[in-house]
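Bear in mind the structure is a predicted one, so any value in this text is a computation, not a measurement. Chain A is the first sequence line, chain B the second, and so forth, proteins listed ahead of strands; every chain is numbered from 1.
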Protein chains: 4
Amino acid sequence: MTDKRREIVAAAAALMHSKGYENTKLADILEAAQIGKGQFYHYFSSKHELGLAVLNYRFESWNQRLMENILSSGKDPETKINEMLDWVIEQQRLNQAKCGCVFGNLAVEMSEHDEAFRRKLETVFEIWVSKLKPVLSEMILPVQADPEEINKMAQGIVAMIEGGILLMKSKQDLNVLVNITAQIKFLIRSFVQNQRH
Amino acid sequence: MTDKRREIVAAAAALMHSKGYENTKLADILEAAQIGKGQFYHYFSSKHELGLAVLNYRFESWNQRLMENILSSGKDPETKINEMLDWVIEQQRLNQAKCGCVFGNLAVEMSEHDEAFRRKLETVFEIWVSKLKPVLSEMILPVQADPEEINKMAQGIVAMIEGGILLMKSKQDLNVLVNITAQIKFLIRSFVQNQRH
Amino acid sequence: MTDKRREIVAAAAALMHSKGYENTKLADILEAAQIGKGQFYHYFSSKHELGLAVLNYRFESWNQRLMENILSSGKDPETKINEMLDWVIEQQRLNQAKCGCVFGNLAVEMSEHDEAFRRKLETVFEIWVSKLKPVLSEMILPVQADPEEINKMAQGIVAMIEGGILLMKSKQDLNVLVNITAQIKFLIRSFVQNQRH
Amino acid sequence: MTDKRREIVAAAAALMHSKGYENTKLADILEAAQIGKGQFYHYFSSKHELGLAVLNYRFESWNQRLMENILSSGKDPETKINEMLDWVIEQQRLNQAKCGCVFGNLAVEMSEHDEAFRRKLETVFEIWVSKLKPVLSEMILPVQADPEEINKMAQGIVAMIEGGILLMKSKQDLNVLVNITAQIKFLIRSFVQNQRH
DNA sequence: AATGAATGAGGTTTCATTCAT
DNA sequence: TATGAATGAAACCTCATTCAT
């Protein structure tokens, strides 16, 4: 991927995060990326392709920072969870609790009517869940985890994060999310206790 | 409100639920409501006004069915929670797990850039939280509830529902939501136990 | 003419004076006159008919006040001219030098493309000229007036008034008109002197 | 300014001269300029911007031909005045005495409700007055001109021209304007005589 | 690789007028 | 008389995409 293409994607990513896919107009992107129409269509065959590129671009960085650096680190599971939640809060703080989560936003906007977006978004959440599972398993050691229970709990955690971001966005108040991360920690503690008995 | 106006709102509500506010075009509404452009602008001064009318319309019915009939019924708190979660699942089943929650959808799409929508949506979630609080308080009786803890838990429940719907929508699979409602019940049980000790 | 019809015409007259014929919308008129659409079309067959009614309505009052009360009074010709110019200034002062002359405005807007308006407006200016002629004739007595010269001078005076109002409107400054009335007086004095030699 | 943009402005100028700003519809312009909607909005951000461009376009040519070539020529003042009046008549002859003066027309239509138009139009008339002043001063030489008197007379001349065009338009008869230019010459002669005594 | 002019369907809104009551 | 709902053509403007250079 050339630098210019990357620049365009980065500019579009910021816009689409805030305004959504449809409400981000090509003209906005061209202006933000400081390019002409011809150049855009040289790199992308359509706005739709760019949208998917944005999704992949955000996926890459999310995957690297959250899935790899945090959830796949060698640290103990509690630390991983804490770091994950701190990272989530930090991301929202960066845009003043206003934009929400790119993946959540696009899932809401695109899932029903755009299968390409939907599949990618589904994957994102699946990866998240699948990365959380070993962390949870590790937490309840020495008890052996029931894979089904672990899976549901991982899904519940992701749901609570996404829902927390959604609520936070509607109030434009980061504290909502902070409170909810506390609830998540409580949920996990309860789960661990419960599994151990 | 005349019948015709109500018809238009109802038709628009279905469309906006599925496609969002911006992606629902006036032409879609006119066709669905079987009216002409002029007639539309006889009842509404703008698409924006219609959007808010849709929000209010959905709020009314949600408020009646969920906030009043279910959460304010005379039944015991466990039943209220169960009925609430069943109702949520049922709503999603009605549109094949594809549309998501109108309020969540609009919160994601509109909150950042439209203050009128944001405020109404904020209110919706606040009401939900405030209606859940007495239910939770009743559950932990005879222990006296810590209002702050109750509030956070209520918020956590709403977040988990909204996040669960979001995840469900991205997978187009109702089971996701079903699983998450189970997690919610577990969370509540844990909360009750925890408050009692 | 019923009172209601008159009310409508009066309301429309104020609007059309300020905004012109085309830019005055039926909705503006209905609101200003506090009536419904049905009532409007009961009194008028079209906006065009109303426009002509407005023109006649303004013509009537102008004819009464300026043509009759002032230019056809028994006073000496200098007084008539002075009162006419004072009246013109006073009219413009009433709308803060912003609206201009209804007849001039409509002449500019309508003359080229609407023959009915054009003819009425032409008549207005012809009457004005014809009423000025005897005043000018009287002024140059005992010299007998050359009808052709008198006619041209009368036309020149009307032109200077209308042009003065136009300039005044473009500057939104009543002083422009005041200055020009002084020029008109000078022009008339010069004319009288010239005719007497 | 590209050629296409200029073409659009020229086409719109002819239309707006005849029909006014508001009554010139985008569709008229597109047809006259033989372009599509998209192309129009490529060159102009709005009809309003085009309107101002039309005004500037007409100003440029008027400024060049009348203000520079005629009123700023090295010829004697009487010739300048005569050439100016001949030019004015000639312009009106070109459109069969039907359209009037673009500046006067737009002043009447736009001054009250559009400040951008008003300011430009005000400037046009101010320039005209300011260019006439030295001509008048030169005429009364060797007497030194009273600047205030000169200014008022210049304004009076412009008013009489604009008013003459207005009257001419309402009668659709060029002779009206011809007569009035004769009055203007008489007014100037009287002014010169008066200043010299 | 790059520009930006051109396209044209479709977006929301306006409006004088007609019609059912 | 009077209401205001209904009509639909036409208003201004937007936008993703294509095309000529």
A:Arg118 and A:Glu115 ion-paired at < 4.0 Å: yes
5' precedence on DNA chain E between B:Thr24 and C:Thr24 (nearest-nucleotide basis): B:Thr24
Please report, rounded to the nearest Å, how far the P atom of F:dA10 is from the CD atom of C:Glu22. 14 Å
Classify D:Lys4 by what it touches in the nucleic acid, base, sugar-phosphate, or nothing, heavy-atom distance under 4.0 Å. sugar-phosphate
Length of the line joining C:Ile8:CD1 and F:dT1:P, which is rounded to integer Å: 12 Å
Can you tell me if the side-chain N/O atoms of D:Lys47 get under 4.0 Å from OP1 or OP2 in F:dC12? yes
Tell me whether C:Lys25 at atom NZ has more than 12 heavy atoms from other residues, nucleotides or ligands lying less than 6.0 Å away. yes
Applying a 4.0 Å non-hydrogen cut-off, can you work out what B:Gly38 is touching in the nucleic acid: base, sugar-phosphate, or nothing? base
With a 4.0 Å cut-off on N to O distance, would you call D:Arg119 and D:Glu122 a salt bridge? no
Would you say C:His42 places a side-chain N or O within less than 4.0 Å of OP1 or OP2 belonging to F:dA2? no
Under 4.0 Å from OP1 or OP2 of F:dG4: is there any side-chain N or O of C:Lys37 that close? no
Given atom CG of B:Leu30 and atom P of F:dA9, what is their separation to the nearest angstrom? 14 Å
Which residue, B:Ala27 or D:Gln34, contacts DNA chain E at a nucleotide closer to its 5' end, judged by nearest heavy atom? D:Gln34
Can you tell me if C:Gln39 touches the phosphate of F:dT1, counting only side-chain N or O atoms and a distance under 4.0 Å to OP1 or OP2? no
Figure out the CZ/P separation between B:Arg5 and F:dG4, and round it to whole Å. 16 Å
Please state how far atom CZ in D:Phe44 lies from atom P in F:dC13, giving the value in whole angstrom units. 13 Å
Taking any strand in view, what nucleotide pairs with E:dT18 in a Watson-Crick or G-U wobble way, both distances under 3.5 Å? F:dA5
Verify whether the ring centers belonging to C:Phe117 and C:Tyr21 lie closer than 6.0 Å. yes
Please tell me whether B:His113 and A:Asn23 have a donor and an acceptor in their side chains that are separated by less than 3.5 angstrom. no
Return no unless some side-chain N or O of D:Tyr41 is found under 4.0 Å from OP1 or OP2 of F:dT14. no
Identify whether any heavy atom of A:Tyr43 sits under 4.0 Å from a base atom; if not, whether one sits that close to sugar-phosphate; answer base, sugar-phosphate or nothing. sugar-phosphate
Just how far, in rounded Å, is P of F:dT3 from CD of C:Glu31? 15 Å
Interatomic distance where CG belongs to A:Leu26 and C1' belongs to E:dT3 [whole Å]: 15 Å
Would you kindly give the CG-to-C1' distance between C:Leu50 and E:dT17, to the nearest whole Å? 14 Å
Position toward the 5' end of DNA chain F (nearest nucleotide), B:Ile35 or C:Phe40: C:Phe40
Establish, from distance only, whether the side-chain atoms of A:Gln172 and B:Ser111 form a donor-acceptor pair under 3.5 Å. no
Can you tell me the Watson-Crick or wobble partner of E:dA9, both distances under 3.5 angstrom? F:dT14
